[in-house]
Amino acid sequence: MITFDKKTLAGAGIIVILSAGLLIAVSLLHQTPAKSRQIFRDALSDMQEDDYSNAYYLFSRISFLSNLKPIALYHQGECADKLEDYGTAVKKYQMLFKIYPSNKLSLKAKYLAAQNLVKTNPELAQKYFKEILKSAPDTDYAIAAEYYSGLLLMKSYTQSEDMIFPLSKKDDVENYFRHYLKKAPSGRLALNVINDWLSLDKTISSDDYLMMAKSCFLMGEYKKAQELLNKVDLKESWAVDVQNSYALNNIPRARYLTEWGLMHHARYIDIEDIENAVNTYLKFSPTKYQGATKLFYIANSKGKDYIWDLKCSYTDSQYKSQCFKDLYLKFPDSKYVDDALSQIFLETIRKNDYQNAKKIGHDFLNKFKNSEFTPMVMYWMGRIAEKTHDYSEYMSYYKSVIARYPDNYYAYRAYLHMNHTPGPIITSYLKEQDVIYPYKNKPSIIRELVNLKDYDVLEEFARDDDFLKSWIFYMKGDYTKSVVIARNAMDELAVKPDKYDLRWRLVYPLHYYNDIKKYADSSGNNPPLMLSIVREESYFNPSAKSGVGAIGLMQLMPQTASEIAVKHGIKKFTLYNPQQNIMLGNYYYSFLKTYLSGMDVSSIAAYNGGIGSVNGWKKSIYYNDTDEFVEQIPYPETKNYVKKVFRSYWNYIRIYNGNN
């Protein structure tokens, strides 16, 4: 019989315990990727159900050898924050940015740790904020760190009665606050910055008061903005004061300041503020032409070219060309001369002076290779060649427009002419395809997060990729934000991807298409065209409401919707209901189209500008075809609206129909 003494048994117990611990450690270290993913999924599920304690525990089980470990540490910090265990949260965030300093989440983890330490360990918090400012100065976290750095420095002196707050340190605080407002005038912390800055016992300059006033205006704090504007010399603040006075419904003051400021003190003002003041003035003018004309004769320095360009845009067609010629000659270096020259070019075509039009067109294309008007001039150069029967030249221009600007309105017009399509409608067929993850080749961790549907963390990895950011918002159900982000990102690309690129689906998604097709078909409308109206009117936001009261996906005025509903025997409806809005919008468009002899271009114009306006334009404008009519629509808003809707239509056909 074998026996063991107490020391031997104790030693054996320690060995067993150590062995068990070693087995657990080994099992964690050698956790299979599939096991890590399953634990991670379960933890995310618990987080979504607000079971933060169990989620915290599950995330702790992710192996340190897993590429999900840094993300698990981040989520543990979040769970601890939710449980108000801020000390543990800080520890987890610290583990993340110390062990994985190059991870995309490390910067945010350091910022969150610093936020948690503001009250309990301000010195360490300040250290972290300064590190963020040094290592990532152009990030949102650095902008917020500017505020907290200033606040902590200020509190380090003001919370102790025995400490003298030296002027040099006050200057440092002020610089932190100033940097924040310059970088994020409408940021989440802007009002805190302003209130803390105003509490600083220090003389504030007029420039800084004006900067604070701009922030308050952008944040909708109009009364506070006015108080700050009153501390600034009016000759320096009038342009911002115009916008703020209008927001406070003080129209007489806004009118007086615009006229007085442009006449005497434009040289003191930033050009962007002048342009905003002018745009505000036009909102309460009897007509935009009258408003622009009055300001044109008042202005005599900075901003004159902008007002001149506006005046020309709203001038009657018979005088428009001369107006732009005068602008072009008076301000040859203005940023608006490309607009002026393009309009001179169009007017020369309207006079059938093709020889001079070609010279002007060549001049434009040599001077302005990347202007927003370049595709228009290229297209019309093709139209000139077509009118003069130069087949090879006009095909060359049309193909160039489509190749260089594939998603542009003028690519759509070029396609119609190349294929001798008689009307504006190419097809009603769309091959319905879902928005899907837009990339094939991305880092493995991003693919992992996509598969795990950890969208909140993915946002951190999408800081430098707006298309990925757009996809995340799409997956979260925020379709409007998704479309706007993708649209802006695509506009930024100098060279557009081919139509099969999955990013296009983010720019032009098929939201509500089944309902749109159902009511378009029953109303005799073109479904992709109706989809395009929805996109341009609301960007698929069923809760959208315009400043004039238009509501829902198709932005219908309540009175118009009521009249249409009565005609179709509909007794009850709500314009915020997507299906009902789409139904009434299609009925309204069908009415417009019937009234306007079945012409889609006229109907789209009427949808924006009204039937009366369209009928008036048709009588007063001399035109031979659709292109000439669209270019001469007197309301710039309506002209641009027509182009935007048909641009969307073209892109929907291009992306979801393999024949184009």
Side-chain angles (χ1 to χ4, degrees), residues 313 316-318 320-321 324 342-358 360-361 364 373-402 405 408-427 526 529 532 592-609 611 613-650 653 660:
S313 297
D316 287 341
S317 57
Q318 58 183 320
K320 191 184 291 284
S321 178
F324 278 115
S342 71
Q343 293 301 319
I344 296 167
F345 169 70
L346 286 178
E347 181 58 28
T348 309
I349 294 173
R350 281 194 286 271
K351 292 178 179 177
N352 298 322
D353 186 357
Y354 300 138
Q355 185 175 354
N356 280 320
K358 286 179 72 173
I360 296 170
F364 181 98
F373 304 104
T374 300
M376 182 266 280
V377 173
M378 288 178 66
Y379 168 72
W380 277 100
M381 289 291 280
R383 286 297 312 271
I384 293 172
E386 189 175 8
K387 287 173 182 287
T388 55
H389 308 293
D390 189 336
Y391 176 81
S392 61
E393 186 171 287
Y394 86 69
M395 287 297 285
S396 175
Y397 274 117
Y398 291 156
K399 288 178 180 179
S400 294
V401 174
I402 293 172
Y405 309 98
N408 194 275
Y409 165 79
Y410 290 99
Y412 155 71
R413 297 303 303 173
Y415 175 87
L416 293 179
H417 276 267
M418 283 178 63
N419 291 275
H420 307 290
T421 306
I425 299 301
I426 299 170
T427 181
N526 179 273
L529 190 59
S532 302
L592 293 175
K593 194 172 175 182
T594 300
Y595 194 89
L596 293 165
S597 305
M599 301 178 69
D600 280 298
V601 173
S602 298
S603 300
I604 294 295
Y607 198 93
N608 177 266
I611 292 177
S613 297
V614 171
N615 282 330
W617 300 335
K618 287 191 169 186
K619 292 176 183 177
S620 62
I621 296 173
Y622 176 77
Y623 61 96
N624 293 308
D625 56 31
T626 296
D627 286 326
E628 292 185 4
F629 171 73
V630 170
E631 299 293 3
Q632 293 184 80
I633 292 175
Y635 293 177
E637 295 88 349
T638 300
K639 177 166 62 177
N640 291 333
Y641 178 80
V642 170
K643 291 180 179 181
K644 286 193 294 184
V645 169
F646 280 104
R647 176 188 179 182
S648 280
Y649 172 73
W650 160 248
I653 299 302
N660 300 304

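Heavy-atom basis, side chains included; hydrogens, waters and symmetry copies ignored. Note that the numbering runs from 1 along the sequence shown for the chain. This is a predicted model, so every value here is computed, not measured.
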Inset, instruction - May I ask you to decide if the ring planes of Tyr412 and Tyr649 are parallel, tilted or perpendicular, using 30° and 60° as cut-offs? - result: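 Because their plane-to-plane angle is over 60°, the rings of Tyr412 and Tyr649 count as perpendicular.
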Inset, instruction - Begin from the C-alpha positions of Tyr379 and His417 and carry the test side-chain hydrogen bond (donor to acceptor under 3.5 Å, both in side chains) through to its verdict. - result: CA-CA 10 Å; Tyr379 168 72; His417 276 267; 3.1 Å; yes
Legend entry - Verdict with supporting geometry, Arg383 and Asp625, salt bridge (charged side-chain N to carboxylate O under 4.0 Å, His left out): CA-CA 12 Å; Arg383 286 297 312 271; Asp625 56 31; 2.7 Å; yes
Inset, instruction - Applying side-chain hydrogen bond (donor to acceptor under 3.5 Å, both in side chains), name anything that partners Tyr405, two or more places apart in sequence or on another chain. - result: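 Tyr405 satisfies side-chain hydrogen bond (donor to acceptor under 3.5 Å, both in side chains) with no other residue.
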Test of ring centre spacing under 6.0 Å for [X] and [Y]:
X: Tyr397; Y: Trp380; value: no
X: Phe345; Y: Phe364; value: no
X: Phe646; Y: Tyr409; value: no

Inset, instruction - To the nearest 0.5 Å, tell me how far Gln632 CD sits from Tyr623 OH. - result: 9.5 Å
Examine distances only and state if a side-chain atom of [X] and a backbone atom of [Y] form a donor-acceptor pair shorter than 3.5 Å.
X: Asn419; Y: Thr421; value: no
X: Ser396; Y: Ser392; value: no
X: Lys320; Y: Ser313; value: yes

Inset, instruction - Check Ala411 against Trp650 and note the closest heavy-atom contact, atom names and distance. - result: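 In terms of heavy atoms, the two residues are closest at CB-NE1, 3.9 Å.
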Inset, instruction - Establish, from distance only, whether the side-chain atoms of Asn356 and Thr348 form a donor-acceptor pair under 3.5 Å. - result: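 No pair is found: no donor N or O on one side chain lies under 3.5 Å from an acceptor on the other.
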Inset, instruction - Carefully, step by step, assess Glu386 and Tyr398 under the rule side-chain hydrogen bond (donor to acceptor under 3.5 Å, both in side chains). - result: CA-CA 10 Å; Glu386 189 175 8; Tyr398 291 156; 2.6 Å; yes
Legend entry - Pairing of Glu631 and Lys643 as salt bridge, 4.0 angstrom limit: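 So Glu631 pairs with Lys643 through a salt bridge.
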